[in-house]
Undergrad: 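Sharing a structure here in structure tokens format.
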Amino acid sequence: MAERYVEVPSSKTEVKSEKKTTMANVSIPLPRNGFCIPNYATKRPSFTPPFTISCSAELDGSHQNKGGLFSFNGMKGVACGILAACAVTSSAFPVPAATQRLPPLSTEPNRCERAFIGNTIGQANGVYDKPLDLRQCDFTNEKSNLKGKSLSAALMSDAKFDGADMSEVIMSKAYAAGASFKGVDFSNAVLDRVNFEKADLEGAVFRNTVLSGSTFDEAKLDKAVFEDTIIGYIDLQKLCTNKSIGDEGRAELGCR
């Protein structure tokens with residue numbers, strides 16, 4: 001009898017290596033003012049809730065994909081580290097708001113008298129051939145030499161113009177913070193984008209005067225005349241918040 005041999009396949013035990021994967025998550029709170037980029041703003045910063053950035057890295061127990069996955073995870077780890085450093089720096093050292101910086105006081109002789117000539121090429125945009133520095137100058141009761149002059153972009157802080165006739169002047173983009181304009185006649189003048197912060201404008205006359213874009217923060221405006229003043233709606237709302245304006249002035253402006 002012929003013997004038959006039947007080949008029986010041997011059983012193979014397949015062992016699948018389990019791939020152990022661990023996810024590492026890092027949540028980093030970041031402020032709203034950006035990623036390590038200074039945010040200079042002129043407005044007062046408002047509080048907003050911080051948001052978070054989550055960084056995850058996949059840690060593989062095997063070394064089969066060592067050249068690819070490890071490098072990718074390493075790059076993500078470095079990026080998360082940079083973001084974390086930025087977050088700590090931004091939260092620990094808040095960026096201050098930008099402040100007004102003025103050039104040093106001019107030492108030019110007779111610099112105050114330049115106001116009687118004005119800005120020869122000064123236009124509504126405040127373009128000038130030479131800075132017009134009138135700071136700390138005294139033009140009290142000047143009745144003739146300032147009328148109708150172009151004083152665009154002039155520096156007027158801490159100057160005195162009490163009782164002066166400044167009708168028909170052009171003061172676009174002038175800086176007059178802290179200056180005194182008691183009883184000044186600004187009739188038919190263009191006071192566009194002028195900074196009158198903390199200026200004394202008691203009894204000033206703004207008859208038929210353009211006041212677009214001008215600011216009067218903490219300015220004294222009692223007894224000021226606003227007859228037929230030309231001013232935008234938003235600027236009017238801001239001006240009406242000044243508590244020093246009398247009842248007659250508020251009525252002329254149409255403050256509610």
Side-chain angles (χ1 to χ4, degrees), residues 32-33 39-48 94-102 119 122-128 132 134-135 146 149-164 166-256:
R32 288 283 183 182
N33 60 347
N39 181 18
Y40 295 98
T42 60
K43 297 182 181 180
R44 181 175 297 177
S46 57
F47 174 79
T48 53
V95 179
T99 56
Q100 182 73 38
R101 292 185 178 181
L102 299 177
N119 224 331
Q123 301 297 327
N125 288 330
V127 180
Y128 54 82
L132 190 57
L134 306 179
R135 289 174 290 180
L146 294 176
K149 294 298 186 297
S150 177
L151 305 177
S152 297
L155 301 177
M156 300 178 169
S157 54
D158 300 321
K160 292 183 178 181
F161 297 86
D162 298 346
M166 300 184 70
S167 57
E168 301 179 7
V169 299
I170 299 175
M171 284 174 53
S172 298
K173 291 188 176 181
Y175 184 79
S180 183
F181 297 92
K182 293 181 181 179
V184 170
D185 185 4
F186 283 116
S187 298
N188 303 311
V190 177
L191 308 181
D192 174 55
R193 293 164 288 178
V194 179
N195 188 336
F196 285 113
E197 181 180 359
K198 297 181 179 179
D200 192 343
L201 295 156
E202 179 183 356
V205 178
F206 299 101
R207 184 176 291 109
N208 197 35
T209 304
V210 176
L211 292 177
S212 56
S214 295
T215 55
F216 297 86
D217 299 341
E218 301 182 47
K220 297 179 181 179
L221 291 165
D222 45 316
K223 300 180 182 178
V225 178
F226 294 96
E227 182 181 348
D228 296 327
T229 297
I230 302 172
I231 186 172
Y233 178 70
I234 296 178
D235 296 326
L236 175 61
Q237 286 182 317
K238 294 179 181 179
L239 180 58
C240 287
T241 61
N242 191 303
K243 302 300 182 181
S244 67
I245 303 176
D247 294 338
E248 186 176 351
R250 299 182 70 84
E252 290 172 343
L253 288 169
C255 298
R256 298 180 180 178

Undergrad: Return the set of residues passing side-chain contact (heavy atoms from CB on, under 4.5 Å) with D158 (not counting sequence neighbours), or none when no residue passes.
TA: Q136

Undergrad: Filter on ring-ring contact (aromatic ring centres under 6.0 Å, His included), then keep only pairs touching residues 236-256, sequence neighbours left out; what's left?
TA: none

Undergrad: Tell me if a side-chain donor or acceptor on S214 pairs with a main-chain N or O of L191 at a distance below 3.5 Å.
TA: yes

Undergrad: Would you please classify the geometry between the F196 ring and the F181 ring as parallel, tilted or perpendicular, with 30° and 60° separating the classes?
TA: perpendicular

Undergrad: Of all the heavy-atom pairs spanning S244 and A219, show the shortest one and how long it is.
TA: OG-O, 3.2 Å

Undergrad: Scan residues 233-256 for pairs that pass ring-ring contact (aromatic ring centres under 6.0 Å, His included), counting only residues two or more places apart or in two chains.
TA: none

Undergrad: Going by atom types alone, do S167 and N188 pair a side-chain donor with an acceptor below 3.5 Å?
TA: no

Undergrad: Minimum heavy-atom separation for S150 to L132, with atom names?
TA: O-CD2, 4.4 Å

Undergrad: Show me the pairs that pass salt bridge (Lys or Arg N to Asp or Glu O under 4.0 Å) and involve residues 208-221, at least two apart or across chains.
TA: none

Undergrad: Any idea which heavy atoms bring F186 and T209 closest together, and the distance?
TA: O-OG1, 2.6 Å

Undergrad: When rounded to the nearest 0.5 angstrom, what is the spacing between CG in L151 and CG in L155?
TA: 11.5 Å

Undergrad: First locate atom OG of S180, then atom NZ of K198, and finally report the distance between them rounded to the nearest 0.5 Å.
TA: 15.5 Å

Undergrad: For a 4.5 angstrom cut-off between non-hydrogen side-chain atoms, does F161 reach M156?
TA: yes

Undergrad: Would you give me the side-chain donor-acceptor pairs under 3.5 Å for residues 221-230, sequence neighbours excluded?
TA:
from: E227; atom 1: OE1; to: R207; atom 2: NE; distance (Å): 3.1
from: T229; atom 1: OG1; to: F206; atom 2: O; distance (Å): 2.9
from: T229; atom 1: OG1; to: F226; atom 2: O; distance (Å): 3.0

Undergrad: Measure from the side-chain N and O atoms of N242 to the backbone N and O of F216, and report whether any donor-acceptor pair falls under 3.5 Å.
TA: yes

Undergrad: Taking NZ in K160 as the centre, count heavy atoms belonging to other residues, nucleotides or ligands within less than 6.0 Å. Is the count above 12?
TA: no

Undergrad: Rounded to the nearest 0.5 Å, how far apart are CG of L253 and CD1 of I231?
TA: 6.5 Å

Undergrad: Going by heavy atoms in the side chains, are M171 and M166 under 4.5 Å from each other?
TA: yes

Undergrad: Run the side-chain contact (heavy atoms from CB on, under 4.5 Å) test on S187 and N208 for me, step by step, so that the C-alpha distance in whole Å, both residues' side-chain angles and the decisive distance to 0.1 Å come before the verdict.
TA: CA-CA 6 Å; S187 298; N208 197 35; over 6 Å; no

Undergrad: Is any side-chain heavy atom of V194 closer than 4.5 Å to one of T215?
TA: no

Undergrad: Can you pull out every disulfide bond (SG atoms under 2.5 Å apart) where at least one residue sits in residues 222-256? Sequence neighbours excluded, please.
TA: C240-C255

Undergrad: On a heavy-atom basis, which atom in A199 and which in A176 lie closest, and how many Å separate them?
TA: CB-O, 3.7 Å

Undergrad: Listed by chain and number, what are the salt bridge (charged side-chain N to carboxylate O under 4.0 Å, His left out) partners of D162, not counting sequence neighbours?
TA: none

Undergrad: How long is the span from the OG atom in S212 to the CZ atom in R193, to the nearest 0.5 Å?
TA: 7.0 Å

Undergrad: With disulfide bond (SG atoms under 2.5 Å apart) as the rule and sequence neighbours excluded, what pairs involving residues 166-197 come up?
TA: none

Undergrad: Keeping to residues at least two apart or across chains, list the disulfide bond (SG atoms under 2.5 Å apart) pairs with something in residues 173-233.
TA: none

Undergrad: Which residue pairs pass the salt bridge (Lys or Arg N to Asp or Glu O under 4.0 Å) test when at least one of the two sits in residues 231-256, sequence neighbours left out?
TA: none

Undergrad: Please identify each residue that fulfils salt bridge (charged side-chain N to carboxylate O under 4.0 Å, His left out) with K182, with sequence neighbours left out.
TA: D200

Undergrad: Tell me the disulfide bond (SG atoms under 2.5 Å apart) pairs involving residues 189-226, sequence neighbours left out?
TA: none

